Amino acid sequence: MTLIIDGNHVAASVREQAKRSAQDYLQQTGKSIGLAVVLVGDDPASAVYVRMKEQDCAEVGIQTFDHRLSEETTQDELNQLIGKLNADESVHGILVQLPLPGHLDEEAAIAQISPEKDVDGFTAENLGRTLRGQNALRACTPLGVMRLLEHYDIDTCGKHAVVVGRSTIVGKPQSLLLLEKNATVTICHSRTADLPAVCRQADILVAAVGVAELLGADCIKPGAVVIDVGINRNKEGKLVGDVDFEAASSLAGAITPVPGGVGPMTRAMLIENTIQSALDA
Ligand code: NDP
C-alpha cells in the first residue's frame with residue numbers, strides 16, 4: 001500500500017505547537033510576535049498565497065502588518081519600506097511575496113532584509129549559514145520537506161536522494177538539508193542527460209521543477225519516497241504537481257499529493273521561522 005503523505009495534517013500539528021509558543025511569548029514579554037507582509041502589485045496567485053499566510057498567522061496568534069504596494073512602486077520605495085521594517089521592534093519577520101513586478105530587482109529587495117528577520121530564509125547570510133551547517137533561518141519549503149520526512153520516520157541516512165531542480169529557494173537548499181541528514185544527493189536540472197534514468201535511482205525523489213506532471217512512472221524506483229514540490233496548472237486548469245501522481249503512486253512507497261503535500265508545510269515553516277526569529281531577537 002502506498003503511503004499518502006498528509007501535509008495538511010502535519011502542518012496543523014506544527015501550527016498547534018506554534019500557537020502554544022506564541023501564547024508563552026505573549027505571557028512572558030507582554031508583546032505579540034509580529035510578521036510584516038509586503039505584497040507589491042496585484043498578481044492574483046500572490047494575493048491568494050498572502051491571504052493564506054495571514055490566515056495561518058491569525059490562527060496561531062501572530063500579528064500581521066499588511067503592506068500592499070502599487071504595481072508602480074519603485075525599488076527605492078520598496079527598499080525604504082524594508083529598511084523601516086528592519087528597524088521596527090514589533091516586527092520579528094519580514095515576508096516580501098515573490099515574484100515582484102518585472103521592473104523590480106528581487107535579489108536587491110531580498111538583500112535589504114535583515115538576516116535576523118528573513119523568515120523565508122532567502123538572504124545570502126541565511127543560505128550561507130545553512131551551507132556551513134550553522135544556526136540559521138532556513139528556506140521554508142526545503143525545511144517543510146525535511147519535517148515531513150521526519151514526521152513519517154523516513155530515514156535519509158545512506159539513502160540516494162535525487163533532487164530535480166536547482167533553484168536558490170528550493171532545489172539547492174533542499175540538497176543541502178538532505179546532505180546534512182546523511183543522504184547521498186544528486187541534483188538534476190534542465191541539462192541533465194536521461195533524467196528518468198537518474199530519477200529511477202532515487203530512494204527519495206524530490207521534484208521542484210515547475211513543469212506539470214513531468215515525472216512519470218519511468219522516473220520512479222519501486223518503493224521510492226516521492227516528494228512533489230511543484231504547483232502547476234495542467235491543460236484543464238487543474239492544480240497538479242511536477243509528478244504524474246496517478247502513474248507514480250502505483251510504484252512509490254510513499255508520495256505527497258498536490259495540493260495537500262508540501263504547500264501547507266511551506267506555510268507552517270514560515271510560522272515556525274517567525275517564532276524562532278522572535279525568540280532569538
Ligand atoms: P525555478 O523555475 O526557479 O527552478 C526550476 C528548476 O527546475 C530549475 O533548476 C530548472 O533547471 C529545472 N528544470 C526546468 N525544467 C526542467 C526539465 N524539463 N528537466 C529537468 N529540470 C528542469 O522554480 P522553483 O524552484 O522556484 O519552483 C519549482 C516548483 O515548485 C514550481 O512549480 C513552484 O510553483 C513550486 N513551488 C512550490 C512551493 C510549495 O510550497 N509547494 C514553494 C516554492 C515553489 P535549470 O536550472 O537548468 O533552468
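Indexing begins at 1, ligand by ligand and atom by atom, following the structure's order. No hydrogens, no waters, no symmetry mates; every other heavy atom, side chains included, goes into these values. These numbers were taken from a predicted model, which means no experiment stands behind them.
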Got a list of side-chain donor-acceptor pairs under 3.5 Å for residues 8-20, not counting sequence neighbours?
from	atom 1	to	atom 2	distance (Å)
S13	OG	V10	O	2.8
R15	NE	E59	OE1	3.2
R15	NE	E59	OE2	3.1
Q17	OE1	R20	NH2	3.1

Which segment of [X] sits under 4.0 Å of ligand 1 when only heavy atoms are counted:
X	value
V170	side chain
T266	side chain
T141	side chain

Atom indices of ligand 1 within 4.0 angstrom of [X] heavy atoms, with elements:
X	answer
L195	19 (N), 20 (C)
N232	32 (O)
G165	6 (C), 7 (O), 9 (O)
I169	26 (O)
G230	29 (C), 30 (O), 32 (O), 35 (C)

Does even one non-hydrogen atom of [X] get within less than 4.0 Å of ligand 1?
X	result
G263	yes
T192	no
A208	yes

Identify, for [atom], the protein heavy atom at the shortest distance, and state residue, atom and that distance.
atom	answer
atom 3 (O) of ligand 1	S167 CB, 3.3 Å
atom 36 (N) of ligand 1	V229 O, 3.7 Å
atom 33 (C) of ligand 1	I231 N, 4.2 Å

Checklist entry - Are E272 and R147 within salt-bridge range, i.e. N to O under 4.0 Å? => result yes
Checklist entry - Can we say R200 and D218 salt-bridge, meaning some charged N sits less than 4.0 Å from an Asp/Glu carboxylate O? => result no
Next on the checklist: Regarding atom 10 (C) of ligand 1: of the candidates C140, S190, G210, A139, which has the closest heavy atom?
Outcome noted: S190
Next on the checklist: I want to check something: taking the side chain as every heavy atom from C-beta on, are V206 and V162 in contact at a cut-off of under 4.5 Å?
Outcome noted: no
Next on the checklist: Considering only residues two or more places apart or on different chains, which pairs with a residue in residues 251-265 satisfy salt bridge (Lys or Arg N to Asp or Glu O under 4.0 Å)?
Outcome noted: none
Tell me whether [X] contacts the main-chain N or O of [Y] through its side chain, where contact means a donor paired with an acceptor under 3.5 Å.
X	Y	value
N86	Q112	yes
S277	N273	no
D242	L214	no

Item to check | Heavy-atom neighbours of E107 CD exceed 12 at 6.0 Å | outcome: no
